[in-house]
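Comments concern the structure below.
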Amino acid sequence: MKSAHPGRPAWKVDPISLLIVMVGAAAFVWALRSVPPRPPVVRFPRQPSEFRVPAELSAAKAASLAALAVRPDDASALVDLAIASFESGSGDYVKGLEYVERARDLGALDERLFYYAGVMYEAQGLSEYAVPEYEKYLRRHPEDLETRLRLANLFYRMEELDKSIDAYRLVLAGKPGDPLVSYNLAMAYRDKKSWAEGLEALKPFLQGGTSLPSGGHKLLGDLYRGSGDPQRGLAEYEKELALAGESTDLASGMAQANEDLNLIASAIERWQKVLQLDPNHREARARLRRLKQPVPGRRR
C-alpha cells in the first residue's frame, strides 16, 4: 500500500496492541475513580475559645435534664449533657463521663464522644481508658493530627516508647518538620537509647535555626553523650546550666560526661552537686564511692 503522503511511511495498527492500550487506560481511570477522597478533619468544639458561655451551657443542661425527666432513655439528651459537661471544664468531667457511658448503653454512636471521653479520662489520670477512646476516634478519622498527637504524648507518659514513636512519626508525616513534634519524638528516642535517631529528629533545630525549648540543650547533651561524643554532650549541658540553672538530672548528666572523659575531679564535684540537690540519690552515692577509690593511671 502506497502512502498518501510521499516520503511518509504507512502506519499499520495492530488490533491486539490497541486492545491492550484501551484496557489499560480503562483500568487506570477505574482505579482513579475507586480511590476514596481524603476525608476532611471533623471539626467540633475542643478549645475553651470555641465553647459556649456559662449561661448557654446552663440552659443547654437544663433542657437536656428536662428531656430526661420525661424520657429517661433519651440518648440524644445524654450526649448533649456529656458535651456540655466537657465544655464546663475539668470540674464536670466525672459527671460528663457518666453521661457518656449511659448514652452508649442506650446505643449512642456520636463519634465526638470518643474524643471527649479520651480527654476527660486522660484528665482524670485514667490513661488506660483514654487510649482506646482516642484509638477508636482515629480509626474513623486517621487524618486528625491533633488527636494523634494527644495519643502520642499519652503513650510517652505511659512509657510505651515504641507506640509513642510510631504515633509521633505519623503526625510528622502530616506536619513535616514540626518543631514541637520533632522535639517530643527526640525525647522518646532518647529514653529508648536510640541516640542517632534522636539526633535525626532534632534536625529542625540543628539545621533550621529554630531555638531549642527549655530543657533542649539537656536533651541534646544526652543524645550526644549516648552516641559516644561526651565532649559535645558536656558543651550542651553547660549551655543548659547557663540558661536554666542547676537540676538533679542536669548535674547527673554532666557528672557522667566528665566520667566518660576521665575528668574525675569534675565528675566528683558534679555527683556531689547531685547529692546536694537530692540527698537520697543512690546512684550519686555509689558513683562517689567508686570514684574516690584510688586507681593507678586515673586522672584527677
Would you give the length of the straight line joining atom OG of Ser194 to atom CG of Leu161, rounded to the nearest 0.5 angstrom?
9.0 Å
So, do Tyr168 and Tyr156 have ring centers that fall under 6.0 Å from each other?
no
Distance col, row Leu113:CG vs Ile83:CD1, nearest 0.5 angstrom, shows 6.0 Å
So which heavy atom on Ser182 is nearest to which on Leu172, and how close?
OG-CD2, 3.7 Å
Test item: side-chain donor near acceptor, Trp271 and Glu259, under 3.5 Å:
yes
Any ion pair linking Glu50 and Arg46 (charged N to carboxylate O, less than 4.0 Å)?
no
Does the pair Lys218/Asp222 count as a salt bridge with the N-to-O cut at 4.0 Å?
yes
Side chains of Leu199 and Tyr224: does their closest heavy-atom pair fall under 4.5 Å?
yes
So among Leu151, Leu145, Asn153, which one has a side-chain contact (heavy atoms from CB on, under 4.5 Å) with Leu149?
Asn153
Take a 6.0 Å sphere around CD of Gln124 and say whether it holds more than 12 heavy atoms from other residues, nucleotides or ligands.
yes
Give the minimum heavy-atom separation between Ala67 and Asp74, together with the two atoms involved.
CB-OD2, 3.9 Å
Any chain of hydrophobic side-chain contacts (each under 4.5 Å) joining Leu185 to Leu170?
no
Does CD belonging to Glu159 count more than 12 external heavy atoms closer than 6.0 Å?
no
Mark yes or no for whether Arg285, through its side chain, and Pro279, through its backbone, hold a donor-acceptor pair below 3.5 Å.
yes
Joint cluster assignment, Met120 & Leu81, ILVMFWY side-chain distance < 4.5 Å:
no
So, taking the atom named CD in Glu236 and the one named CZ in Arg232, what distance separates them when rounded to the nearest 0.5 Å?
7.5 Å
Measuring from Met254:CE to Leu263:CG, what's the distance to the nearest 0.5 Å?
11.0 Å
hydrophobic_cluster_shared for Val119 and Phe44, side chain cutoff 4.5 Å
yes
Return yes when atom CZ of Arg169 has more than 12 non-hydrogen atoms of other residues, nucleotides or ligands closer than 6.0 Å, and no otherwise.
no
For a 4.5 angstrom cut-off between non-hydrogen side-chain atoms, does Pro230 reach Leu234?
no
Between the NE2 atom in His217 and the CG atom in Leu212, the distance rounded to the nearest 0.5 Å is 5.0 Å
I need the minimum non-hydrogen distance between Ala255 and Ala267, along with the two atoms involved.
O-CB, 3.7 Å
One pair to check against salt bridge (Lys or Arg N to Asp or Glu O under 4.0 Å): Glu133 and Arg104. What are the steps and the verdict?
CA-CA 13 Å; Glu133 298 292 342; Arg104 286 174 173 170; 2.7 Å; yes
Minimal non-hydrogen separation, Val79 against Ala103, with atom names
CG2-CB, 3.9 Å
Qualifying residues under ring pair (Phe, Tyr, Trp, His ring centres under 6.0 Å), relative to Tyr189, sequence neighbours excluded:
none
Same cluster for Phe51 and Val100 if Ile/Leu/Val/Met/Phe/Trp/Tyr side chains link at under 4.5 Å?
yes
Looking only at heavy atoms, the pair that brings Gly96 and Ser85 closest together is CA-CB, 3.5 Å
Compare all side-chain heavy atoms of Phe205 with those of Pro213 and state whether any distance is below 4.5 angstrom.
yes
Decide whether Tyr115 and Arg150 meet the rule of one side-chain donor and one side-chain acceptor closer than 3.5 Å.
yes
Electrostatic pair Lys203-Glu197, nearest N-O below 4.0 angstrom
no
Min side-chain heavy-atom separation Asp162-Lys192 under 4.5 Å:
yes
dist Thr248:OG1 -> His281:NE2 (nearest 0.5 Å) comes out at 6.5 Å
With heavy-atom distances below 4.5 Å as the criterion, would you say the side chains of Arg148 and Pro142 are in contact?
yes
Is there a salt bridge (Lys or Arg N to Asp or Glu O under 4.0 Å) between Lys273 and Glu269? Walk through the geometry before answering.
CA-CA 6 Å; Lys273 174 56 71 174; Glu269 178 187 344; over 6 Å; no
Could you walk me through whether Glu246 and Arg270 pass the salt bridge (Lys or Arg N to Asp or Glu O under 4.0 Å) test, one step at a time?
CA-CA 10 Å; Glu246 294 281 12; Arg270 289 282 82 197; 2.8 Å; yes
Cluster link Leu241 to Leu243, ILVMFWY, side chain under 4.5 Å
no
If we only count heavy atoms from C-beta on, is the Phe86 to Tyr93 side-chain gap below 4.5 Å?
yes
Can you tell me which residue pairs pass the salt bridge (charged side-chain N to carboxylate O under 4.0 Å, His left out) test with a partner in residues 59-71, sequence neighbours excluded?
Lys61-Asp92, Arg71-Asp73
Checking Glu111 against His141: is there a side-chain donor and acceptor pair closer than 3.5 Å?
yes
Step by step, would you call Tyr129 with Tyr121 a ring pair (Phe, Tyr, Trp, His ring centres under 6.0 Å)?
CA-CA 6 Å; Tyr129 291 96; Tyr121 276 128; 5.4 Å; yes
Is the backbone N or O of Ala257 less than 3.5 Å from a side-chain atom of Tyr237, with the two atoms forming a donor-acceptor pair by type?
no
Can you list the steps and then say if Glu122 with Val131 is a side-chain contact (heavy atoms from CB on, under 4.5 Å)?
CA-CA 8 Å; Glu122 184 179 355; Val131 165; over 6 Å; no
Flag the pair Arg225 / Trp195 as yes when at least one side-chain heavy-atom distance between them is below 4.5 Å, and no otherwise.
no
At their closest point, which heavy atom of Ser252 faces which heavy atom of Val274, and how far apart are they?
N-CG2, 3.4 Å
